[in-house]
Novice: 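Here's a structure for you.
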Amino acid sequence: MNLLIKKGINNYLITDLRTLVVFRVCLSVALILDLLINRAPSMVELYSNEGVLTTEAVSKFSSAHKFSALYYIKSVFGVKLFFSVYFLLCLSLLMGFKTRFVAPVLYVFFFSILERVFPFITGADTVLNLMLFWSMFLPLSGQQNMGSKKEESNYIHRSVAVFALTLQIALIYFFNFLFKNGETWSDGSAVGYALSIYAHQSFMTNLLVDLPVFWPIFTFIVKWGWLFVSFLILSPVKQQKAKFYACIFIFIFHYGLIPFLNVGTFYISVLPVLAFLLPYKYVEKFLKYF
Amino acid sequence: MLKNVVVYFFIALVILINVSSYFDVTQPLFRHLSTNYIRSFGLAQRWNMFSPNPTTKNPFTLIVGETEQGVFINLRTKEVVDYSKLDSPGKIPLGQNYLSYYLNQMGAFIHFEETKQFGYAFMDDLSNYFLKKWYQSGGQKIKRVMFVQVLLTTLEPGVIAPPEVFLLHDIKYK
């Protein structure tokens, strides 16, 4: 019994080094996509003092801080240079170059970008920021001090940071479930109300608006699905399989939602989440197709 | 060893942040810690999308310029404002979508005392920016810029009430 408990706890602390490499690649890709889609088109307008939000205006926010490097870089040239360096850092992380150094520096850069426009940080931004934060404590290069990698056991990485990131992801979904405690989530109308929000409408929203019979089903799936996912992520038994099923649910939910509900760029932020959760044996199976 | 201690500390912090956000802990000490330290680590988080219920109040903000001839122009789309058709913010030029999200929250900013100053300063910046763009494109002289909030209220799923219009800010130019 004791051995089983010990093994169960140990499983929370271990991951495959190759999983961490896939995680690193997906995290860098997500950061680059975020840069290209969210930041670059409005770089001058949002992050320089020639745009719509000057540093003077942000500093009037009651809880404004000066932690962002972009509070001090105000010119258009400075902002462009800052984002160019940031892009190079993302590429370095993607290539696995000096990850121990690059990850913390990249975190400071990304944090600065978010802090510059902090009254408008979205949930998708927060997810990406947290992935980057916890990645600083992981061997993202996929290497650790050991002998030959020929044996499968040599790919095992054991650290409390693995548990921290797993717990962080589980908490995201668990609290998503907990917060959904209003009456529309109980009577099954929540999805109907969400679809009616102008800012969240997508190109196929009307299709679902016209099918109210599905609203209670989707409301139930969304609310209880997140609880189910958080339990799967922290499952004490059959952990690999449980995480695999959690990944399938997260993938279907986030990407299946795109035609019906616009919830920002969660489809980008969830990439590293999936990469970290997905056990390497499934990645290997997937890669065989290519 | 030290790395593990640091990680344990942050795990505890993340659990604390999530629990306190759920129970809406507003004690001054926690607010102080939250404002000054937790956000400094970049660990602030609150997973309350569409919670406790999806909102029924869906605002968007128009930046309207009045020319000396008394014509009202939507400074983002550069089209004449038709106040009888305010069921959407109009066709927003590509690359300005980010602003829609920002502008949707404008009403909330000026509603609360602690963010009011920021809200007005932000609207001044927006006004200056869009006026500059307007004049660069050869637009007529603008004597007044108004921030008009249009509120669409969901009566029941799929049923939206007629738009209500509020004036958030009115800036006059000489």
Side-chain angles (χ1 to χ4, degrees), chain A residues 38 41-42 45-46 50-54 56-58 60-65 67 107 111 114 118-120 122-123 126 129-130 133 137 159-161 163-164 167-168 171-173 175-176 178-185 189-199 209-210 212 215 263-264, chain B residues 3-4 6-8 10-11 14-15 18 21-22 35-36 39-56 58 60 87-89 94-102 104-105 109 113-115 117-118 120-122 124-126 128-130 152 154 156-160:
Chain A
N38 290 339
S42 50
E45 286 86 346
L46 281 186
E50 309 250 322
V52 297
L53 189 62
T54 57
E56 282 75 14
V58 181
K60 287 190 173 146
F61 206 94
S62 60
S63 52
H65 283 266
F67 295 125
Y107 179 72
F111 184 70
L114 295 189
F118 84 90
F120 307 102
T122 66
T126 309
N129 189 48
L130 291 170
F133 177 84
F137 302 98
S159 80
V160 71
F163 170 68
L167 180 72
Q168 172 66 75
L171 286 174
I172 292 174
Y173 293 112
F175 278 91
N176 243 299
L178 273 191
F179 270 111
K180 291 181 176 32
N181 54 11
E183 59 182 50
T184 59
W185 288 103
S189 62
V191 164
Y193 278 104
L195 292 169
S196 306
I197 301 173
Y198 179 83
V209 169
D210 294 335
W215 298 346
V263 289
Chain B
K3 192 168 101 176
N4 282 354
V6 172
V7 173
Y8 279 123
F10 284 127
I11 290 174
V14 163
I15 294 171
N18 277 293
S21 80
Y22 179 67
T35 308
N36 294 298
R39 231 188 69 220
S40 316
F41 291 126
L43 288 173
Q45 49 196 291
R46 189 175 169 89
W47 308 108
N48 62 340
M49 196 174 198
F50 299 127
S51 303
N53 293 299
T55 178
T56 54
N58 310 307
F60 62 85
D87 54 348
S88 82
L94 206 66
Q96 271 191 33
N97 284 334
Y98 64 93
L99 258 186
S100 303
Y101 171 68
Y102 285 31
N104 287 348
Q105 300 176 48
F109 285 132
E113 204 52 50
E114 52 189 16
T115 53
Q117 255 198 320
F118 163 72
Y120 284 113
F122 182 30
D124 289 342
D125 284 349
L126 282 161
N128 293 336
Y129 176 79
F130 280 104
L152 301 172
T154 309
E156 56 182 272
V159 183
I160 313 292

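Residue numbers start from 1 in every chain, and the chains themselves are labelled A, B, ... in the order their sequence lines are given, proteins ahead of strands. These numbers come from the heavy atoms of this one structure, side chains and all, not from hydrogens, waters or symmetry mates.
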Novice: Starting at CG of Asn58(B), measure out to OG of Ser196(A) and round the result to the nearest 0.5 Å.
Specialist: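 Separation between the atoms: 8.0 Å.
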Novice: Heavy-atom pairs under 4.5 Å with chain B: which of Asn129(A), Leu178(A), Val263(A), Val52(A) has the most?
Specialist: Val52(A)
Novice: What part of Val191(A) is in contact with chain B, defined as an atom under 4.5 angstrom from a non-hydrogen atom: side chain, backbone, both or neither?
Specialist: neither
Novice: What's the spacing between Met49(B) CE and Thr122(A) OG1 if we round to 0.5 Å?
Specialist: 8.5 Å
Novice: Describe, in one word, how the ring planes of Phe61(A) and Phe109(B) are oriented to each other, choosing from parallel (under 30°), tilted (30 to 60°) and perpendicular (over 60°).
Specialist: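 Because their plane-to-plane angle is over 60°, the rings of Phe61(A) and Phe109(B) count as perpendicular.
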Novice: What is the minimum heavy-atom distance between Ala199(A) and Asn104(B), and which atoms define it?
Specialist: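 Minimum heavy-atom separation between Ala199(A) and Asn104(B): CB-ND2, 3.5 Å.
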Novice: Let me know if Pro212(A) has heavy atoms under 4.5 Å from chain B in its side chain, its backbone, both or neither.
Specialist: neither
Novice: For the side chain of Asn53(B) and the backbone of Glu183(A), is there at least one donor-acceptor N/O pair under 3.5 Å apart?
Specialist: yes
Novice: Pick from Asn38(A), Ile172(A), Asp210(A), Leu171(A): which one has the most heavy-atom pairs with chain B under 4.5 Å?
Specialist: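 Top count of heavy-atom pairs under 4.5 Å with chain B: Ile172(A).
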Novice: Using the ring of each side chain (for Trp, its six-membered ring), is Phe120(A) parallel, tilted or perpendicular to Tyr102(B), with breaks at 30° and 60°?
Specialist: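 Rings of Phe120(A) and Tyr102(B): parallel, under 30°.
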Novice: If we ignore hydrogens and angles and just use 3.5 Å, is the side chain of Trp185(A) paired with the main-chain N or O of Phe50(B) as donor and acceptor?
Specialist: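 Yes; judged by distance alone, with no hydrogens or angles, the pair exists.
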Novice: I need the Trp47(B) CH2 to Asn176(A) CG distance, nearest 0.5 Å.
Specialist: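 Output value for this atom pair is 8.0 Å.
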Novice: What's the separation between atom CZ in Arg46(B) and atom CZ in Phe175(A), rounded to the nearest 0.5 Å?
Specialist: 11.0 Å
Novice: Which residue out of Asn128(B), Asn18(B), Asp124(B) racks up the most heavy-atom pairs below 4.5 Å with chain A?
Specialist: Asn18(B)
Novice: Which atom names give the shortest non-hydrogen contact between Gly42(B) and Leu130(A), and what distance separates them?
Specialist: O-CD2, 4.0 Å
Novice: Output the option from Thr154(B), Val159(B), Val6(B), Ile15(B) having the highest count of non-hydrogen pairs under 4.5 Å with chain A.
Specialist: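 Counting heavy-atom pairs under 4.5 Å, the top option is Thr154(B).
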Novice: Highest number of heavy-atom pairs under 4.5 Å with chain A: which of Thr56(B), Val14(B), Ile160(B)?
Specialist: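 Looking at each of Thr56(B), Val14(B), Ile160(B) in turn, Val14(B) comes out on top.
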Novice: To the closest 0.5 Å, what do you measure between CZ (Phe137(A)) and CZ (Phe10(B))?
Specialist: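 With rounding to 0.5 Å, CZ (Phe137(A)) is 5.0 Å from CZ (Phe10(B)).
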Novice: Please look at Phe133(A) and chain B and tell me whether the side chain, the backbone, both or neither of the residue comes under 4.5 angstrom of a heavy atom of that chain.
Specialist: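 For Phe133(A), the side chain is the part near chain B, not the backbone.
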Novice: Among Asn48(B), Leu126(B), Thr55(B), which residue forms the greatest number of heavy-atom pairs with chain A at distances under 4.5 Å?
Specialist: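 With the most close heavy-atom pairs to chain A, the winner is Asn48(B).
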Novice: Is any side-chain heavy atom of Pro157(B) closer than 4.5 Å to one of Leu195(A)?
Specialist: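 No; the side chains remain at least 4.5 Å from each other.
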Novice: In the structure I gave you, are the side-chain heavy atoms of Ile197(A) and Pro54(B) within less than 4.5 Å of one another anywhere?
Specialist: yes
Novice: Measure Gln117(B) against the heavy atoms of chain A and call it side chain, backbone, both or neither at under 4.5 Å.
Specialist: both
Novice: Can you measure from CD (Glu50(A)) to CG (Asp125(B)) and round to the nearest 0.5 angstrom?
Specialist: 12.0 Å
Novice: For Tyr107(A), is it the side chain, the backbone, both or neither that has a heavy atom under 4.5 Å from a heavy atom of chain B?
Specialist: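 Just its side chain gets close to chain B.
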Novice: Quick check on Leu46(A) against chain B: is it the side chain, the backbone, both or neither that has a heavy atom closer than 4.5 Å?
Specialist: side chain
Novice: Only pairs of heavy atoms separated by less than 4.5 Å count here; which of Ala44(B), Ala121(B), Ser51(B), Gly158(B) has the most with chain A?
Specialist: Ser51(B)
Novice: Given a strict heavy-atom distance threshold of 4.5 Å, which part of Val160(A) is in contact with chain B: side chain, backbone, both, or neither?
Specialist: both
